[in-house]
Structure formats: structure tokens, C-alpha cells
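Below: one structure, written as C-alpha cells.
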Amino acid sequence: MTQRRPCVGGNWKMNTDRESAVALARAVANAAQEHKLEQHADVFICPPFVYLDAVRLELEADAPEGPTLGAQDVSEQPNGAFTGEISSAMLQDLDVEMVLTGHSERRHVIGETDDVVNAKTRSALDAGLMCCLCVGETLQQREAGDTDRVNETQVRAGLAGVGAHHLDSLVIAYEPVWAIGTGRTATPDDAQAAHAHIRALLADLYSPDLASGLRILYGGSVKPGNAAELFAQPDIDGGLIGGASLDAEGFIAICQAAAQTCHHA
Ligand code: PEP
């Protein structure tokens, strides 16, 4: 039977400054070490691009076994005249191991299409980064009964051309748009239903074996108080955490809930 190691990511979005980013990273790393989290779960943090290096130096100095470094976005281009963009190689130069693609704020606020999300996902995976592909429906789509169709479209499009050999480096995050940053959380049953649907689709796209090894994280107003019941669902393998990842203690409590309650297939 395939084992799925719990995984929790912190998406700091456009928050913190240099000093508070370094302090938050240190606090997360210290708490992770204290609770020996690395024995039970993968933890990554995604500071703003401009603080990645400062956070990296802090983690390397103080916490070699602490959380790994992630980035909130990546360019699909390798280099060249793309003002403001950041390439996979630049991120790897800063020891970044994970990137988010398709986050709902990039889809719905910045306007990234499925094609752009797919190009970024493929480019990051080809470069050797781990990739967390985010998908999820809007409130209107959920109310219209379109949840599964939307997730299916986004997963199919996001993974077009992604070979099975890349699946070890892939994590999916199901993040219903209406639950992100709103304080509204999907019920554990609703989240589980969406995760199970996505896993069944992955079984179709790749194989049942590969799908059962892939981690699918839930994201959307996860907090210390609701994490355990979400992570206890059989197809929920951890979380992508926004607001609550800005508080080290709360974030670590969520990571501990994942380490203790996530299903290990
Ligand atoms: C996110 O940004 O991916 C997220 C889930 O945010 P929040 O936890 O604040 O809803």
C-alpha cells in the first residue's frame, strides 16, 4: 500500500517585511525542530520573492532540518526579456525547492489562464523543482453544481503534458476560492468529496497506483481549530495555509495536526 507523507505549506502572500519574515521563519523552524516535525511531515514556507534569500540564510544558519523554501509563483520562461518575472533557475539559485502554480489569486486577480498555469507547472517540474498545483471552484460555480467539472478542467489543463515521471515532484492543492481568506471553510465532507474526485481523475490520467501516492492538500481558511477534522479525511494529505501561516505557533499546530491525523493511504 502506498504511503502518503503529510505535507503542509505556508503561503505568506504579500505580507511581512524583511525583519518580520526572518523572525517568522526562525520561529517556525524552532518550533518544527522542537516538535521533531521533519520525522512525520513535509513542511514548506513561501515568503515573498524579495525575502527568499534572507529567509534562506536564516534557515541555513539555524535550522538545517527546518521547513523547506517555497516560492509563490514562477515564470514559465527560462530567461530573457520578461520584466519583473522570476525563473526556476533563479529560485533554485536561492535553494527554493517548491513553487506554487495556479493559486486562485493568480488565476482570479492577476488573470492567469489554464494554459499559463500549465506552462508554469511544466517548466518548474522540468527544471527539477517540486510544484504545488492549486485548483478550486468559485462560489458561483459551486452553487451551480459545477465543483467537480471545474476541478477536473483545471487538473486536466494544469497537468497537460506532465509525464508520470514528474509525479514524485507534484502536489495538488484543492482550494475552493470562496474559502480562501474568507474565514469560510469547506466542511470536511465537502472537501473529502472534492479530493476523492480529483484522486479518481488522477487515476484515470496516470494510474490508480500513482494516484494513490499523490498528495492532495486542502486550502481555505484552515486554522488550528479546524485542521484535525479536515486532515482526518482519507483523501486529505495536509494543507496549504494562508492567513494562519503568518503566526508561527498556529502554523505549527496545523502542521502537528497533519502529522498526527493525515491518512497514510
Ligand atoms: C491560500 O492562500 O492558499 C489560503 C488557503 O489562504 P487562507 O488560509 O488565508 O484561506
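FYI, the numbering just counts along the sequence from 1. Numbering of ligands and ligand atoms starts at 1, following listing order.
The nearest heavy-atom contact from the protein to atom 9 (O) of ligand 1 is Gly243 N, 2.8 Å. Looking from atom 1 (C) of ligand 1 to the surrounding protein, the closest heavy atom is His103 NE2, 3.2 Å. The nearest heavy-atom contact from the protein to atom 5 (C) of ligand 1 is Glu175 OE2, 3.0 Å. The protein heavy atom nearest to atom 8 (O) of ligand 1 is Gly242 N, 2.8 Å.
The existence of a salt bridge linking Arg5 and Asp237 is excluded, since no basic side-chain nitrogen approaches an acidic carboxylate oxygen closer than 4.0 Å.
Not one N or O of Thr182 is nearer than 3.5 Å to an N or O of ligand 1, by distance alone. Here's the thing with Leu240: none of its N/O atoms is less than 3.5 angstrom from an N/O atom of ligand 1. For the pair Gly181 and ligand 1, the shortest N or O to N or O distance falls below 3.5 Å. Considering backbone and side-chain N/O of Ala244, none are found under 3.5 Å from N/O of ligand 1. For Glu105, no nitrogen or oxygen atom sits less than 3.5 Å from a nitrogen or oxygen atom of ligand 1, counting backbone and side chain alike.
Linking ILVMFWY residues whenever their side-chain heavy atoms come closer than 4.5 Å, directly or via other members, leaves Val117 and Leu217 in distinct clusters.
Of all the heavy atoms of Asn11, the ones lying under 4.0 Å from any atom of ligand 1 belong exclusively to the side chain.
Within the 4.0 Å heavy-atom shell around ligand 1 one finds Ala179. Ligand 1 is approached by Gly220 to a heavy-atom distance shorter than 4.0 Å.
A donor-acceptor pair under 3.5 Å links the side-chain atoms of Arg199 to the main chain of Asp235, judged by distance alone. Side chain of Arg4 to main chain of Ser212: a donor-acceptor pair is present (N/O by atom type, distance under 3.5 Å, no hydrogens or angles). Using a distance-only test at 3.5 Å, with no hydrogens or angles considered, a donor-acceptor pair links the side chain of Arg107 to the main chain of Cys134.
Looking only at side-chain heavy atoms (C-beta outward), Leu205 and Val155 come within less than 4.5 Å of each other. Using a 4.5 Å heavy-atom threshold, the side chains of Val116 and Arg106 count as separate.
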List the steps and the verdict of salt bridge (charged side-chain N to carboxylate O under 4.0 Å, His left out) for Asp73 and Lys120. CA-CA 8 Å; Asp73 185 31; Lys120 290 184 173 194; 2.9 Å; yes
